[in-house]
Amino acid sequence: MGKIYKSSRTTLAVILIVATILGFGYKLYDIQIVNNEIYAAQNNTVKTYTVPLRAARGDIVDRNGNPLVTNRQGNSVVLNAAYFPPADNNDERNAVVLNLITLFRKNKEEYVHNLPLKLDKNNNPVFFTKKDDEKFESAIKTMKSRDMFNLQEYATAQNCFDAMIEKYGLEAYAEKGDYRTALEIGNIRYELTRLLFSVSNPVAIADDVSDKTIAEIKENYDYYEGADVQVVAYREYADSTLAPHILGTVRKINAEEFAALKDKGYSITDEIGESGIEAAMEEFLRGTAGEKTVTIDSDGNVTEEITKEPAQGDTIVLTIDKDLQKVAQRKLETTCKGVDYYNSTGAVVVENCNNGEVLAAASYPAFDLDDYYKHYNELVKDKNTPLYNRFAMGTYAPGSTFKPMMAVAGLQSGVISEDTYFECNKYFKVRDMEFKCTDYHGGENVRTAIRDSCNIFFYNTAQRLGIARMNLYGSMFGLGEKTGVEIPEAKGILAGPEYRKKFDMTWRPGDTVQAAIGQSDNLFTPLQLCNYCATIANGGTRYQLHFVKSRISNSTGVVSETGSNALKTLEVSANNISIVQEGMRLVATQGGPAGVFYSLGTKVACKTGTSQVRVNGAIHNNGFLITYAPYNNPELSIASVIELAGSGTSTAKITYSIIDYYYSHNTNEKKAQKDGTLL
């Protein structure tokens with residue numbers, strides 16, 4: 001076969017033909033796929049687009065209908081692709097964006113900054129780091145992704161900056177060395193790309209702007225071509241410091257959430273509940289989006305018509321009492337600040353022990369919902385962790401608050417009776433290990449052992465019960481199990497061999513007696529302790545805790561009640577429960593808190609507790625108190641924990657204030673007679 005020779009001219013011609021075909025192919029792809037809506041809007045065919053209109057979120061109110069979270073109207077500046085310069089005209093787009101940035105700066109308006117790049121003092125591009133804001137870690141990955149700058153994972157900040165310059169036609173600014181202006185323009189352009197900017201999807205670039213800024217945009221339309229004003233509902237709080245861990249926050253939807261929720265009608269520009277009730281009740285709070293129809297005729301004229309009005313979300317009625325919540329928060333803060341040790345923190349929970357409704361729940365320190373995003377970085381770095389929800393996520397060794405459960409277990413199992421006495425000589429030996437009590441109590445029965453918090457009595461009870469039966473009853477009371485509240489909560493730990501097995505550790509006899517006094521591996525949340533106390537108070541029914549009382553449909557006005565949910569009715573005799581209640585009553589009248597509760601006009605029953613913690617090498621005690629009231633007709637259950645408080649008695653003033661306020665202001669209840677006598 002002869003050789004085939006091709007001249008250089010033929011080769012060049014082939015290359016040119018291939019390049020031409022590829023060029024036309026790319027242009028066709030750009031017109032039909034990438035910028036379909038933009039080009040379609042410029043052709044000679046009438047085109048119609050549907051733009052979603054965001055609905056206002058539903059209100060959140062307390063159990064008495066007092067507003068907690070509502071909406072106010074504000075203005076957002078959005079860019080509308082129907083009026084914005086076309087995608088192939090970077091110079092015009094960049095000029096409009098720069099005009100807007102200049103206006104925002106002049107009027108001190110906040111605007112979007114989601115591009116995770118910044119310039120150092122030498123004008124070199126660098127990434128935002130975790131120290132700047134945790135959200136930028138994932139943002140850097142998004143920026144390098146195929147849909148954005150299409151760079152490798154190892155691309156540097158300079159690589160990303162260069163890709164931004166090229167993608168958005170910012171070479172003129174870079175050549176002049178005006179990197180900061182290039183970065184600011186690129187930041188807005190990046191937001192448009194990230195949020196899939198199109199005629200059907202206008203993108204907000206500045207939220208909650210002033211009337212002055214809005215007026216300037218409207219008066220100089222040509223200067224701010226494509227910029228539009230959108231009236232938006234923003235969350236407003238009756239008191240932005242009230243119950244922040246319960247109410248929660250709202251933010252813009254992220255890419256992962258949008259991918260998962262777009263089939264449910266979410267837009268990439270929507271807001272979504274991030275935490276608390278805002279997240280838990282998102283399905284009902286979000287409302288139903290409306291629709292605006294945008295028509296572009298053959299001459300490029302644009303007409304808009306609202307074809308479906310947005311419908312506000314449902315109203316969520318909470319179980320909490322606004323004023324009782326204020327009392328709980330205020331007294332918790334005062335008590336924490338009164339502890340001798342710096343950085344004391346704590347939590348308190350108030351429950352209706354007859355239906356599981358949470359009437360108040362506070363964690364200290366807390367935060368201000370109005371300033372949450374503005375001060376987010378500071379809140380995250382705060383060593384006192386104000387964002388941490390201690391009443392739901394905090395787990396603590398409960399100390400002697402565990403003993404009423406031990407008493408119920410011992411009595412019901414028959415290993416002790418109300419007439420059983422154990423001699424307390426302060427010391428107790430298990431094989432070669434020695435355990436102590438707080439004092440020499442002498443002979444103790446179950447009632448006085450609860451009153452005196454006698455470790456020796458419960459060491460003996462534990463040996464007779466064994467860890468398996470102890471944990472059986474602990475589980476019946478919901479200890480080491482989630483309570484069922486709508487917001488995230490920790491499960492906690494019920495100490496025992498099963499837990500130790502996870503770490504290849506052995507459970508020894510000494511561990512059983514330690515567990516009996518609320519030590520060992522036991523870790524429970526304040527929510528669990530409150531519900532456990534409520535179960536004792538009401539005679540043995542454990543209810544699912546809940547923050548949502550009802551939901552009111554915005555469209556029909558129909559009220560959907562949550563109702564109470566009894567999770568378990570304990571198989572415990574009324575007499576055995578009564579014996580334990582009497583012991584808890586003795587704590588309130590003869591024990592450590594007696595001096596506090598003496599002047600309270602409502603009879604209460606309670607149990608104190610302490611557990612040791614090590615702080616900076618030194619041992620301190622966390623203080624606990626579980627209480628129910630009134631003693632003869634239980635309605636309220638209260639659990640409080642103050643870290644480093646020294647004793648459970650030191651938390652009694654919180655409980656006093658809550659009960660005193662409740663029965664002084666609850667007109668549906670008769671105030672109990674003041675008591676000064678023993679049962």
Side-chain angles (χ1 to χ4, degrees), residues 72-86 89-126 128 132-133 135-136 139 161 164-165 167-195 197 202-236 251-252 269 271 370-378:
R72 63 174 175 81
Q73 286 192 335
N75 295 310
S76 288
V77 175
V78 301
L79 290 178
N80 192 329
Y83 306 96
F84 200 54
N89 196 330
N90 275 321
D91 289 343
E92 287 189 20
R93 284 195 164 193
N94 292 337
V96 172
V97 169
L98 181 57
N99 292 341
L100 287 165
I101 291 172
T102 303
L103 175 63
F104 295 153
R105 285 177 173 173
K106 183 186 74 170
N107 293 344
K108 298 181 179 179
E109 306 283 9
E110 296 286 337
Y111 55 98
V112 294
H113 283 89
N114 289 319
L115 179 67
L117 289 175
K118 62 181 180 179
L119 298 175
D120 64 16
K121 61 182 180 181
N122 297 317
N123 267 354
N124 295 314
V126 294
F128 274 90
D132 299 307
D133 195 327
K135 72 179 182 180
F136 281 104
F161 185 83
M164 177 199 74
I165 294 294
K167 184 177 182 70
Y168 301 126
L170 295 165
E171 291 85 357
Y173 298 97
E175 289 169 3
K176 292 188 297 184
D178 193 358
Y179 301 121
R180 295 197 179 276
T181 299
L183 185 60
E184 286 297 296
I185 296 173
N187 167 65
I188 300 290
R189 296 290 306 275
Y190 176 83
E191 185 74 355
L192 300 183
T193 306
R194 188 179 73 87
L195 295 183
F197 180 58
V203 171
I205 59 171
D207 289 322
D208 212 9
V209 298
S210 65
D211 291 340
K212 179 182 178 182
T213 297
I214 295 303
E216 290 191 47
I217 290 174
K218 287 184 174 181
E219 291 169 3
N220 299 278
Y221 176 79
D222 291 340
Y223 196 61
Y224 305 110
E225 184 182 358
D228 199 1
V229 178
Q230 197 173 74
V231 178
V232 177
Y234 293 102
R235 279 319 224 180
E236 185 170 55
R251 59 159 168 75
K252 298 284 188 182
T269 57
E271 287 192 331
D370 274 339
D371 296 334
Y372 172 74
Y373 288 107
K374 182 178 180 181
H375 298 299
Y376 178 76
N377 290 342
E378 300 163 43

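For the pair Asn122 (side chain) and Asn124 (backbone), a donor-acceptor distance under 3.5 Å is absent.
Side-chain contact between Pro85 and Val96 is present, with heavy atoms from C-beta onward closer than 4.5 Å. You'll find the side chain of Leu79 reaches within 4.5 Å of the side chain of Leu100, heavy atoms only. Two residues are said to be in side-chain contact when any heavy atoms from C-beta on lie closer than 4.5 Å; Leu183 and Met164 meet this criterion. Contact annotation: the side chain of Val232 never approaches that of Asp207 to less than 4.5 Å [non-hydrogen atoms, C-beta and beyond].
Partners of Lys212 by side-chain contact (heavy atoms from CB on, under 4.5 Å), not counting sequence neighbours, listed by chain and number: Asn107, Ser210, Glu216. In this view, Thr193 and Met148, Lys167, Tyr168 satisfy the side-chain contact (heavy atoms from CB on, under 4.5 Å) rule, not counting sequence neighbours. Among residues two or more places apart in sequence or in another chain, the side-chain contact (heavy atoms from CB on, under 4.5 Å) test is passed with Glu184 by Ile101, Arg105, Tyr111, His113. When the ring-ring contact (aromatic ring centres under 6.0 Å, His included) test is applied to Tyr173, no partner is found at least two apart in sequence or on another chain. The side-chain contact (heavy atoms from CB on, under 4.5 Å) test applied to Arg72 returns Asp208, Tyr234, Glu236, not counting sequence neighbours. With sequence neighbours excluded, no residue forms a side chain to side chain donor-acceptor pair (under 3.5 Å) with Asn187.
Atom NZ of Lys106 and atom OG1 of Thr213 lie 8.0 Å apart (nearest 0.5 Å). A distance of 9.5 Å separates CD in Glu92 from CZ in Phe84, rounded to the nearest 0.5 Å. In this structure, the separation between CD1 on Ile205 and CD1 on Ile188 is 4.5 Å, given to the nearest 0.5 Å.
The 12-atom threshold is exceeded at CD of Glu171, counting heavy atoms of other residues, nucleotides or ligands nearer than 6.0 Å.
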